[in-house]
Protein chains: 2
Amino acid sequence: MIGAAFERHGMSARNAALVAAVVAAAERDGAASHGLMRMDGYIATLKSGWVDGAADPVVTQPAPAIVAVDARNGFAQVALAAVRDVAAATTRQQGLAAVCIHDSHHFAALWPDVEPFAELGLIALTVVNARSRVVVWGGRKKTLGTNPMAFACPCSDGPPIVWDQASSQRAQGEVLKARLAGRSVPEGIGIDAAGNPSTDPAAILDGGALLPFGGHKGAGIAFMVEVLAAAMTGGRFGFEDESAKFPGAQTSRAGQFLLLIDPARGPGGDVPGRIASLVAMLRDAGAERLPGDARHHRRVRAARDGIEVEDVAYAKLRALAEGV
Amino acid sequence: MIGAAFERHGMSARNAALVAAVVAAAERDGAASHGLMRMDGYIATLKSGWVDGAADPVVTQPAPAIVAVDARNGFAQVALAAVRDVAAATTRQQGLAAVCIHDSHHFAALWPDVEPFAELGLIALTVVNARSRVVVWGGRKKTLGTNPMAFACPCSDGPPIVWDQASSQRAQGEVLKARLAGRSVPEGIGIDAAGNPSTDPAAILDGGALLPFGGHKGAGIAFMVEVLAAAMTGGRFGFEDESAKFPGAQTSRAGQFLLLIDPARGPGGDVPGRIASLVAMLRDAGAERLPGDARHHRRVRAARDGIEVEDVAYAKLRALAEGV
């Protein structure tokens, strides 16, 4: 029904199915903020004309280990699906490969982009840039996006280890929620329009900016993401985004960089086995929850018990899909 | 004279010159903690028999885009020098390349490893793992190293943008200095042996652990570094380090992963020019100092005025070099 909602709003059947799968996976894994809660944003963006829901990505291979995708102003998931097989084959052949996607809209979590490659035995790292929201290195004006990064690696005695994190201290969405609830946010999350630290969500959102995680170190990460996801791919920088010209648009027209490595082609021997020993050591040290653990548990539970969707959310989805 | 000191303590002439160049570069760029201050640590480690100062690295190419180096228990700078030309050539040919170094000791800053590649027009990212000092994801025992990461990219209207940062909130050396000075350290840097937050340097150093930068996000970075630098290369994990068996040894016998990308082979067009526009935007936003700025200014000054070395440091270096 998610796919039907997308199709009713201008997406081609193939593209609708690809993006719907990511929304459903988020709902299944308990990542509510990237699940059905995103539907309004997707639909508003499609309605605004900012994204092309029927885009046909074009794949080229400019160098033996680089695969490029022109997403043609469509969703990044569609571009990634178009390149997945050739990317994996190139990685196995060359030992590693870079996928450079440009002119793409990424409105989902990043872990669904890397996890499938780790399930194939590959190591995957991806970064996506987005419209300016973050201020770095003592600046007073936002320039970089919240620029998320996701990493996945195979582990011989369990599911892949997968993490997915923004380069900002907190997500923009959390600050939006605080404003709606009339709450202030903790210190260290953002600054106001004058460049001063602020705990007022409105001050941060209206002319202010978010701060990177971990101070100047997180800023270094956010900068690297902008270089790889935009400059390297030929995508737009966050500060070049023009979504504001399309009322209702919630996505950024930007880029994505994906690095794939085949550990079986390297000098490391049984890499998934050694990662398992590292993971065992971390658990032994008392780490109760590794990245992805919670998601995996909820996934197992969903496979057994199904996914519960609240009546209101269901009715809303049905209205989007059937226009009633 | 730095090279002479290394040669007097068992390093081959070639290897001594390579490591000496890195020590001198740190001193030149004002990175004192990686300059002459490190000499005692290098010499003590060489004397302990833990590292092989005369090691001859062995380079192989297990896949078209992967170059592997067995550092043979020598310094990482020697391994990197042995592979530099083939790594750059492979990158230009394939579009990207991974250099996997194992059985190496890295006791220097990381920016000297990536900056030369950016001067050739390449994008470079490197990570090094090290003996366990950092506790992650709610654990109570240190498992990961301070696992630094360095990134460099070319910029058309100035020197490359280069950053170099540990995955720990603070360097182990800073906590050591605080203990010597009888000072406490800020909150959020470390925990004691019981796993509780501590501001007591001794409690952190003796059985405690350092914390990653930026909480669980920095932990994700430190974990990724451990996977790439150790598992992927075939190097030892930080928790497998045995330096404690060699009194005086200050280095870790571990691994290093280096990713090189040739932006000219990708779909991005004039990438160094676009990075220049990003940098201009950051400066315009008020960022007064980008990573590497201070280093670059000191380097220009050193080229003009020379490098000043204090009498005490000079006498000490001379004693190491001449045995007087």
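When reading the values below, keep in mind they use all heavy atoms of this one structure, side chains included, and skip hydrogens, waters and symmetry mates. Below, chains carry the letters A, B, ... as their sequence lines are ordered, and counting in each starts from 1.
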Step by step, would you call Leu125(A) with Leu228(B) a side chain to side chain contact (heavy atoms under 4.5 Å, CB included)? CA-CA 11 Å; Leu125(A) 173 69; Leu228(B) 294 176; 5.7 Å; no
Which one of Leu290(A), Leu282(A), Ile275(A) has the most heavy-atom pairs closer than 4.5 Å to chain B?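 Option with the top pair count is Leu282(A).
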Any idea which of Pro64(A), Ala97(A), Gly234(A) has the most non-hydrogen atom pairs under 4.5 angstrom with chain B?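 Top option by heavy-atom pairs under 4.5 Å: Pro64(A).
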So for [X], is it side chain, backbone, both, or neither that comes closer than 4.5 Å to the heavy atoms of chain A?
| X | result |
| --- | --- |
| Leu278(B) | both |
| Ile161(B) | side chain |
| Ala166(B) | both |

Exercise: identify the closest heavy-atom pair between Val271(A) and Ala231(B):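 Val271(A) and Ala231(B) have their closest heavy atoms at CG2-O, 3.4 Å.
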What pair of heavy atoms forms the shortest contact from Ile261(B) to Met232(A), and how long is it?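 In terms of heavy atoms, the two residues are closest at CG2-CE, 3.4 Å.
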Distance-only donor-acceptor screen, chain B against chain A, under 3.5 angstrom:
from: Pro62(B); atom 1: O; to: Arg265(A); atom 2: NH2; distance (Å): 3.4
from: Ala65(B); atom 1: N; to: Gln94(A); atom 2: O; distance (Å): 2.8
from: Gln94(B); atom 1: O; to: Ala65(A); atom 2: N; distance (Å): 2.8
from: Arg140(B); atom 1: N; to: Ala285(A); atom 2: O; distance (Å): 2.7
from: Lys141(B); atom 1: N; to: Ala285(A); atom 2: O; distance (Å): 3.3
from: Lys141(B); atom 1: NZ; to: Asp284(A); atom 2: OD2; distance (Å): 3.4
from: Trp163(B); atom 1: NE1; to: Gly220(A); atom 2: O; distance (Å): 2.9
from: Gln165(B); atom 1: NE2; to: Lys217(A); atom 2: O; distance (Å): 2.9
from: Ala166(B); atom 1: O; to: Lys217(A); atom 2: NZ; distance (Å): 3.2
from: Ser168(B); atom 1: O; to: Lys217(A); atom 2: NZ; distance (Å): 2.6
from: Lys217(B); atom 1: O; to: Gln165(A); atom 2: NE2; distance (Å): 2.9
from: Lys217(B); atom 1: NZ; to: Ala166(A); atom 2: O; distance (Å): 3.1
from: Lys217(B); atom 1: NZ; to: Ser168(A); atom 2: O; distance (Å): 2.6
from: Gly220(B); atom 1: O; to: Trp163(A); atom 2: NE1; distance (Å): 2.9
from: Ala230(B); atom 1: O; to: Arg274(A); atom 2: NH1; distance (Å): 3.3
from: Gly235(B); atom 1: O; to: Arg274(A); atom 2: NH1; distance (Å): 2.8
from: Gly235(B); atom 1: O; to: Arg274(A); atom 2: NH2; distance (Å): 2.9
from: Glu240(B); atom 1: OE1; to: Arg274(A); atom 2: NH2; distance (Å): 2.9
from: Arg265(B); atom 1: NH2; to: Pro62(A); atom 2: O; distance (Å): 3.4
from: Arg274(B); atom 1: NH1; to: Ala230(A); atom 2: O; distance (Å): 3.3
from: Arg274(B); atom 1: NH1; to: Gly235(A); atom 2: O; distance (Å): 2.8
from: Arg274(B); atom 1: NH2; to: Gly235(A); atom 2: O; distance (Å): 2.9
from: Arg274(B); atom 1: NH2; to: Glu240(A); atom 2: OE1; distance (Å): 2.9
from: Asp284(B); atom 1: OD2; to: Lys141(A); atom 2: NZ; distance (Å): 3.3
from: Ala285(B); atom 1: O; to: Arg140(A); atom 2: N; distance (Å): 2.7
from: Ala285(B); atom 1: O; to: Lys141(A); atom 2: N; distance (Å): 3.3

Where does Phe237(A) contact chain B at under 4.5 Å (heavy atoms): side chain, backbone, both or neither?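 For Phe237(A), heavy atoms of backbone and side chain both lie under 4.5 Å from chain B.
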Which atoms of Ile123(A) are under 4.5 Å from chain B, going by heavy atoms: the side chain, the backbone, both sets, or neither?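 Side chain of Ile123(A) only, per the 4.5 Å heavy-atom cut-off to chain B.
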Please identify, among [options], the residue contributing the most non-hydrogen atom pairs under 4.5 Å to chain A.
| options | result |
| --- | --- |
| Gly269(B), Pro267(B), Gly195(B), Gly95(B) | Pro267(B) |
| Pro272(B), Gly273(B), Gly235(B), Gly215(B) | Gly235(B) |
| Ala98(B), Pro291(B), Ala68(B), Gly214(B) | Pro291(B) |
| Ala230(B), Gly266(B), Gly220(B) | Gly220(B) |

Enter the distance from Ile221(A):CD1 to Ile221(B):CD1 here, rounded to the nearest 0.5 Å.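 Rounded to the nearest 0.5 Å, the CD1-CD1 separation comes out at 4.0 Å.
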So how far is it from Leu96(A) CG to Cys100(B) SG, rounded to the nearest 0.5 Å?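 Here the interatomic distance stands at 8.5 Å.
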Which word best sums up how the rings of Phe151(A) and Phe223(B) line up, parallel for under 30°, tilted for 30 to 60°, or perpendicular for over 60°?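 The rings of Phe151(A) and Phe223(B) stand perpendicular, inter-plane angle above 60°.
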